[in-house]
2 protein chains.
Amino acid sequence: MTASGNRGTTTAAEELRAAGLRVTAARVAILDTVRAGDHLGVDAIAEGARERVGHVSLQAVYEALHAMTGKGIVRRIEPAGSPARFEGRVGDNHHHLVCRSCGAVADVDCAVGNSPCLEPISDAGFLVDEADVTFWGLCPACREAAPPRQTAG
Amino acid sequence: MTASGNRGTTTAAEELRAAGLRVTAARVAILDTVRAGDHLGVDAIAEGARERVGHVSLQAVYEALHAMTGKGIVRRIEPAGSPARFEGRVGDNHHHLVCRSCGAVADVDCAVGNSPCLEPISDAGFLVDEADVTFWGLCPACREAAPPRQTAG
DNA sequence: TTCGTTCTCTTGAATCATTCATGTTTGAGG
DNA sequence: CCTCAAACATGAATGATTCAAGAGAACGAA
């Protein structure tokens with residue numbers, strides 16, 4: 001295990017270099033933070049990066065995340081009504097569960113085989129390249145805090 | 001045919017009253033605009049409402065749309081990276097096609113039967129009540145303007 | 001019809017995420 | 001070591017949305 005939070009196949013530095021991005025302390029820290037975190041927002045990523053390498057400006061974080069998203073080494077999700085979040089899981093076609101109450105995000109594997117959701121019945125002439133599925137509901141914790149009416153009566 | 005743009009079953013005034021909202025000129029105009037339009041944004045709705053009844057403040061539009069969304073008589077969609085849009089089609093479980101280039105939005109009926117997408121494989125303990133599916137791609141117009149590489153080579 | 005309560009509307013200011021602008025620093029090849 | 005584009009920092013700007021407080025209007029009750 002390396003010192004840079006390598007969790008899986010490649011180190012952050014290798015990923016960056018392979019993507020044609022320069023390997024800077026800030027970007028390594030940002031990518032490590034995204035990978036170690038769980039659907040973090042920009043502020044949380046900035047904080048995590050700072051814990052690793054001292055000072056990193058918020059703009060550098062935005063810039064880096066934009067570049068990494070463009071290269072496909074991080075994925076950006078943006079549930080309606082909340083700021084953008086980023087995750088390190090890319091390549092697989094997974095979707096998300098979002099809690100209406102606390103905003104928590106959890107991954108869900110794509111249900112129907114490979115890409116069921118990737119093909120709308122009628123595409124209205126659109127050239128579709130991605131399906132973005134978000135399931136809305138209450139997370140376990142919020143379910144308990146505000147039980148809907150499951151067995152009441 | 002009434003004078004209020006009734007398109008289907010009920011008039012805007014009736015819908016508002018049935019939902020427990022007061023019937024004001026502004027709200028009737030806003031609801032009519034949303035129903036007549038095609039996934040309009042807040043500004044466009046405000047303009048449309050003004051064309052019908054003179055002056056309507058932007059805040060009144062936000063307030064009204066919020067109330068109507070809460071009552072389920074309009075639906076709010078918010079494709080990642082763009083401001084909120086509203087539509088009058090509610091009750092059916094339809095999804096959306098969004099153009100990456102121009103932002104155009106088109107409806108798609110839910111493919112798999114009633115609510116295929118409504119049940120994630122693993123719900124991670126979440127109490128899911130809605131599935132929000134967005135298909136990303138290029139609309140016919142943008143496809144032509146910037147042909148990807150369909151038969152190139 | 002008149003009255004009163006409460007919802008709705010207006011004006012104006014504030015918030016928050018994100019982007020733009022500009023100058024400085026630095027990674028990486030030559 | 002040198003050069004230059006990529007990346008970074010600081011600071012300001014933008015744009016959608018929300019908050020605040022008082023004026024106005026809808027609707028049920030009297």
Side-chain angles (χ1 to χ4, degrees), chain A residues 4 11-33 39-47 49-50 52-71 73-74 76-86 103 105, chain B residues 4 11-31 33 39-50 52-71 73-74 76-86 103 105:
Chain A
S4 53
T11 66
E14 286 169 348
E15 282 266 318
L16 289 169
R17 202 181 308 276
L21 299 174
R22 286 188 182 168
V23 179
T24 68
R27 294 195 168 189
V28 168
I30 289 166
L31 184 49
D32 280 338
T33 301
H39 307 101
L40 301 178
V42 175
D43 284 338
I45 294 169
E47 280 184 38
R50 286 179 194 127
R52 292 164 196 257
V53 295
H55 180 94
V56 180
S57 75
L58 194 58
Q59 280 60 25
V61 177
Y62 272 103
E63 243 277 310
L65 290 171
H66 186 87
M68 293 182 206
T69 302
K71 297 295 185 178
I73 60 183
V74 303
R76 173 186 169 126
I77 64 173
E78 191 182 329
S82 70
R85 290 162 175 275
F86 295 82
V105 179
Chain B
S4 54
T11 66
E14 286 168 349
E15 284 265 317
L16 289 169
R17 202 182 308 275
L21 299 174
R22 288 189 181 166
V23 179
T24 67
R27 295 196 166 189
V28 168
I30 289 167
L31 183 48
T33 301
H39 308 99
L40 301 178
V42 175
D43 284 338
I45 294 169
E47 279 184 38
R50 286 177 195 128
R52 292 164 196 256
V53 295
H55 181 94
V56 179
S57 75
L58 194 57
Q59 280 60 25
V61 176
Y62 272 104
E63 244 278 310
L65 290 171
H66 186 87
M68 292 182 206
T69 302
K71 298 295 185 177
I73 60 181
V74 303
R76 173 187 170 127
I77 64 173
E78 191 182 329
S82 70
R85 290 162 175 273
F86 295 82
V105 179

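Each chain gets a letter, A, B and so on, in the order the sequences are listed, and its residues count up from 1. Just so it is clear, the values below take in all heavy atoms, side chains as well, and ignore hydrogens, waters and symmetry mates.
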From the list [options], which nucleotide is the closest neighbour of the side chain of [X]?
X	options	result
B:R76	C:dT10, C:dT19, D:dT17	D:dT17
A:V56	C:dT8, C:dC9, D:dA9	D:dA9
A:R27	C:dA13, D:dC8, D:dA9	D:dC8
A:Q59	C:dA13, D:dG11, C:dG27	D:dG11
A:D43	C:dA17, C:dT18, C:dT11	C:dA17
A:T24	D:dC8, C:dT10, C:dT18	D:dC8

Can you check the [X] [atom1] to [N] [atom2] distance for me, whole Å?
X	N	atom1	atom2	value
A:I77	C:dA17	CD1	P	16 Å
B:Y62	C:dG12	OH	C1'	15 Å
A:L65	D:dA7	CG	P	13 Å
B:I45	D:dA16	CD1	P	13 Å
A:H66	D:dA7	NE2	P	12 Å
A:E63	D:dA5	CD	P	16 Å
A:E78	C:dT18	CD	P	7 Å
A:L21	C:dT26	CG	C1'	15 Å

Next item on the list: Classify the nucleic acid contact of A:A84 as base, sugar-phosphate or nothing, counting any heavy atom under 4.0 Å across all strands shown.
Entry: sugar-phosphate

Check: Passes side-chain contact (heavy atoms from CB on, under 4.5 Å), B:V28 versus B:T11? Steps please.
Finding: CA-CA 9 Å; B:V28 168; B:T11 66; over 6 Å; no

Next item on the list: Would you kindly compare B:A26 and A:P83 by the position of their nearest DNA chain C nucleotide and give the one closer to the 5′ end?
Entry: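 The residue whose closest nucleotide sits nearer the 5' end is B:A26.
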
Next item on the list: Tell whether A:R22 reaches the base of C:dA28 with its side chain through a donor-acceptor pair below 3.5 angstrom.
Entry: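 For A:R22, whose side chain was compared with the base of C:dA28, there is no donor-acceptor pair (under 3.5 Å).
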
Notebook entry, point to check: When you check the phosphate oxygens OP1 and OP2 of D:dT10, does a side-chain N or O of A:H55 lie under 4.0 Å from one of them?
Noted result: yes

Next item on the list: Determine whether A:M68 and A:L21 make a side-chain contact, defined as any pair of heavy atoms from C-beta on separated by less than 4.5 Å.
Entry: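 Counting from C-beta outward, A:M68 and A:L21 do come under 4.5 Å.
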
Item checked: Side chain to side chain, A:L16 and A:T24, heavy atoms closer than 4.5 Å -> no

Can you give the donor-acceptor pairs under 3.5 Å from side chains of residues 76-83 of chain B to other protein atoms, not counting sequence neighbours?
from	atom 1	to	atom 2	distance (Å)
B:R76	NH2	B:E78	OE1	2.9
B:E78	OE1	A:G81	N	3.2
B:E78	OE2	A:G81	N	3.4
B:S82	OG	B:P79	O	3.2

Margin query: Heavy-atom nearest nucleotide on DNA chain D for B:R17 versus B:L58: which residue maps closer to 5'?
Written below: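 In this pair, the answer is B:L58.
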
Item checked: side-chain hydrogen bond (donor to acceptor under 3.5 Å, both in side chains) partners of residues 54-63 of chain B, not counting sequence neighbours, each pair once ->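 As it turns out, the side-chain hydrogen bond (donor to acceptor under 3.5 Å, both in side chains) pairs with a partner in residues 54-63 of chain B, which skip direct neighbours, are B:R27-B:E63.
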
